[in-house]
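Fair warning: this is a prediction, and the values are worked out from it, not measured in the lab. Lettering of chains follows the sequences in order, A, B, ..., and the numbering in each one begins at 1.
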There are 2 protein chains.
Amino acid sequence: MSNKQRARRGMCYSTPSNRSPAGSEKVDSMEQPRLRISKERATIRHLVEEKMRELIATGHFKPGDRLIERELCETFDVGRTSVREALRQLEAEGLIRTEPHRGPIVTKVSFGEARQLYQLRALLEGFCGAEFAVKGTDEEHRRLFAACEAFAAAAEGKAPTEQLVARKAEFYRCLIAGARNIYVEDMLTSLHNRVSMLRATTMTQPHRLPKSVEEIRDITRAICARDADWARRASITHVEESSKIALQLLSDAEVA
Amino acid sequence: MSNKQRARRGMCYSTPSNRSPAGSEKVDSMEQPRLRISKERATIRHLVEEKMRELIATGHFKPGDRLIERELCETFDVGRTSVREALRQLEAEGLIRTEPHRGPIVTKVSFGEARQLYQLRALLEGFCGAEFAVKGTDEEHRRLFAACEAFAAAAEGKAPTEQLVARKAEFYRCLIAGARNIYVEDMLTSLHNRVSMLRATTMTQPHRLPKSVEEIRDITRAICARDADWARRASITHVEESSKIALQLLSDAEVA
DNA sequence: CGCTGGCGGTTTGTCTGACAATCTGTCATT
DNA sequence: AATGACAGATTGTCAGACAAACCGCCAGCG
């Protein structure tokens, strides 16, 4: 029960310890053309946070589930402090909801709310597309194009779902970054987190993949052509198309 | 130093305890025509949260200031637990920023970021305006109109700044609610919090008031006329106009 | 038979005290 | 003057404690 704890304590909350067994060569020397070594948030609370986000996104915790502090402490083998602070963060992100004195539950997104979610997402991604088209550097355009093709290749090559999700996430990272607006970035990331929660309940439907690929290619083409209006429309269309399917599945699920 | 603490503890964080001394009759029977008794978030961390939000918005804590846990504990006379959890919330809202082992500081918004902030705000408020115009009920329109006139009256009657701010906030509450989109609501609220932080550093400039009133009236007129496009443009214009002034002041302040 | 009210178990909200890890500024050493 | 080490301050985290609120259950009462 507590020997793991003992083990961890003493060396305390140091994540990056003994991950590279022998030396510390490749850790932080030459690498990173950018400024600052990778930020590597190593606090326990951040790890818990991230883990829980993942568990919610993958459906391990389902909407409506109660999250009991003590259980979480045992699961992650950390103290209540860290768990509670992570919960506050997730609460602010909207992934969980806390009723005073009843504890946190995974947020349940109703049909109407899902529609609102997609509506806002369309607005913001349309904005990103348009801004990217206008302000993006050639380098960013190249990167977007590469991400797009990587996703397409994975989709056409019947890659495992997990990889598809990763590639698509990468594409979005590029797209969102292109807007050069940190607030939009934050908010879209938050929205995407909630969408993946939805997706976990509705499951993905593979038959939309080809269309999805085509839509994403269209967005990419529009942006690379620096056509703001086309890019906006293409981005919006993509969100609307996927929202159609998702909402359909959701309403089915809600009845059942 | 700690007798206040002692005093509060023992009866602990019970706000409504022994308010009715003898019996427990009147506790929860008839009252509240609305559904649910007022939510009354009585947890300490919420109070701390709110207080700190206010202190940041009013400029008592200025961008760049370090917030030291122990000091906050003493200031509010609460434990570290509550303070830290409140900090996590504010961090997620973007009002403060925490560097892993250096503690939280009030977020500093650069000129470029401020521009991004206003840009996004224009997008979202334009959306609200348009949606409100289309979907708003007559009742909501009436309420918006009332809020608008209340603000105008306060502005023209040289009311104290505090009241002006309150009235304008009320107007925005109506406007934002009209979009019937909880996500937009959350995000705009968050953006507004950050804007008030900016405003605290740049101060308000009274000579813009008449124009501001006119812009808000225009928004209201457009919405009540159910003209979505007009409403969007009017909302965007209002944000852009105030952003001009704010950015001007900000760039002055940044040099100094 | 249905409702009321009390009882106990569970969980949260909060405080305290402790300690390692990290950061920062200062000061002595070279 | 640059460097490096030490001390003080602050955060990150844990464990333990306890009041308050919630929840389900069961008995008693009309």
Side-chain angles (χ1 to χ4, degrees), chain A residues 1-17 37 39-49 65-89 91 96-105, chain B residues 1-19 23-25 27-29 36-37 39-49 65-91 96-105:
Chain A
M1 178 184 177
S2 72
N3 48 353
K4 264 196 223 168
Q5 296 239 328
R6 297 288 160 210
R8 186 165 38 62
R9 260 195 302 156
M11 68 192 298
C12 209
Y13 40 90
S14 62
T15 315
S17 79
I37 49 177
K39 43 188 179 177
E40 188 88 50
R41 309 155 155 289
T43 66
I44 285 193
R45 119 176 67 103
H46 282 294
L47 299 178
V48 172
E49 223 177 277
D65 281 4
R66 274 188 78 177
L67 301 179
I68 293 153
E69 288 180 11
R70 195 172 34 73
E71 290 178 7
L72 297 176
C73 292
E74 286 173 13
T75 309
F76 300 127
D77 191 31
V78 299
R80 260 179 98 197
T81 311
S82 305
V83 166
R84 298 195 96 232
E85 289 188 24
L87 287 175
R88 292 294 87 74
Q89 173 80 29
E91 184 184 4
I96 65 176
R97 168 174 315 216
T98 306
E99 205 94 27
H101 283 283
R102 291 191 13 99
I105 62 176
Chain B
M1 175 186 180
S2 70
N3 49 352
K4 264 196 222 166
Q5 297 239 328
R6 298 288 161 209
R8 188 164 37 60
R9 259 196 302 158
M11 68 191 298
C12 210
Y13 44 89
S14 63
T15 317
S17 86
N18 73 358
R19 251 197 334 197
S24 60
E25 269 77 344
V27 178
D28 64 338
S29 50
R36 291 299 155 84
I37 48 177
K39 41 188 179 177
E40 186 89 47
R41 306 158 155 289
T43 67
I44 286 192
R45 82 166 166 269
H46 281 295
L47 299 179
V48 173
E49 223 177 277
D65 281 4
R66 274 188 80 176
L67 301 178
I68 292 153
E69 288 180 11
R70 195 172 34 72
E71 288 179 6
L72 297 176
C73 292
E74 286 174 13
T75 308
F76 300 127
D77 191 30
V78 299
R80 260 178 97 197
T81 312
S82 306
V83 166
R84 298 195 96 235
E85 290 187 23
L87 287 174
R88 293 293 87 76
Q89 174 81 28
L90 298 186
E91 184 183 3
I96 65 176
R97 168 174 315 215
T98 307
E99 206 94 27
H101 273 269
R102 291 186 16 95
I105 62 176

Length of the line joining [X]:[atom1] and [N]:[atom2], which is rounded to integer Å:
{"X": "B/Leu47", "N": "C/dT14", "atom1": "CG", "atom2": "P", "value": "8 Å"}
{"X": "A/Asp77", "N": "D/dC14", "atom1": "CG", "atom2": "P", "value": "8 Å"}
{"X": "B/His46", "N": "C/dT12", "atom1": "NE2", "atom2": "P", "value": "14 Å"}
{"X": "B/Glu74", "N": "D/dT10", "atom1": "CD", "atom2": "P", "value": "11 Å"}
{"X": "B/Leu72", "N": "C/dT14", "atom1": "CG", "atom2": "C1'", "value": "17 Å"}
{"X": "A/Glu85", "N": "C/dT14", "atom1": "CD", "atom2": "C1'", "value": "13 Å"}
{"X": "B/Leu87", "N": "D/dT13", "atom1": "CG", "atom2": "P", "value": "14 Å"}
{"X": "A/Glu69", "N": "D/dC22", "atom1": "CD", "atom2": "C1'", "value": "14 Å"}

Would you compute the distance between atom [atom1] of [X] and atom [atom2] of [Y] and round it to the nearest 0.5 angstrom?
{"X": "A/Ser82", "Y": "A/Leu72", "atom1": "OG", "atom2": "CG", "value": "11.5 Å"}
{"X": "A/Asp65", "Y": "A/Ile96", "atom1": "CG", "atom2": "CD1", "value": "12.0 Å"}
{"X": "B/Ile44", "Y": "B/Phe76", "atom1": "CD1", "atom2": "CZ", "value": "12.0 Å"}

* To do: Using the closest heavy atom to pick a nucleotide of DNA chain D for each, name whichever of B/Leu67 or B/Thr81 lands nearer the 5' end.
  =>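 Counting from the 5' end, the first nearest nucleotide belongs to B/Leu67.
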Hey, does the side chain of [X] come within less than 4.0 Å of [N]'s phosphate (OP1/OP2), counting only N and O?
{"X": "B/Arg84", "N": "D/dT11", "result": "no"}
{"X": "A/Arg70", "N": "C/dT11", "result": "yes"}
{"X": "B/Ser82", "N": "C/dC15", "result": "yes"}

* For A/Arg66 and A/Ile105, work out which heavy atoms get closest and say how close. =>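 For A/Arg66 versus A/Ile105, the nearest heavy atoms are CG-CG2, 3.6 Å.
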* Asked: Side chains of B/Arg45 and A/Arg88: closer than 4.5 Å at any heavy-atom pair?
  ->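 Yes, close enough: below the 4.5 Å cut-off.
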* To do: Tell me, with the steps shown, if B/Glu85 and A/Glu85 meet side chain to side chain contact (heavy atoms under 4.5 Å, CB included).
  => CA-CA 6 Å; B/Glu85 290 187 23; A/Glu85 289 188 24; 4.3 Å; yes
Sort me out a list of protein N/O and nucleotides 23-25 of chain C N/O pairs below 3.5 Å, or just none if empty.
| from | atom 1 | to | atom 2 | distance (Å) |
| --- | --- | --- | --- | --- |
| C/dT24 | OP1 | B/Arg102 | NE | 3.4 |
| C/dT24 | OP1 | B/Arg102 | NH1 | 2.4 |

* By side-chain contact (heavy atoms from CB on, under 4.5 Å) - contacts of B/Glu69 (at least two apart) ->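 Only B/Arg80, B/Arg84, B/Leu87 meet the side-chain contact (heavy atoms from CB on, under 4.5 Å) criterion with B/Glu69.
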* To do: Examine the base of D/dG12 for any acceptor or donor lying under 3.5 Å from a partner atom in the side chain of B/Arg80, and report the outcome as yes or no.
  =>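 Yes, the side chain and the base share a sub-3.5 Å donor-acceptor pair.
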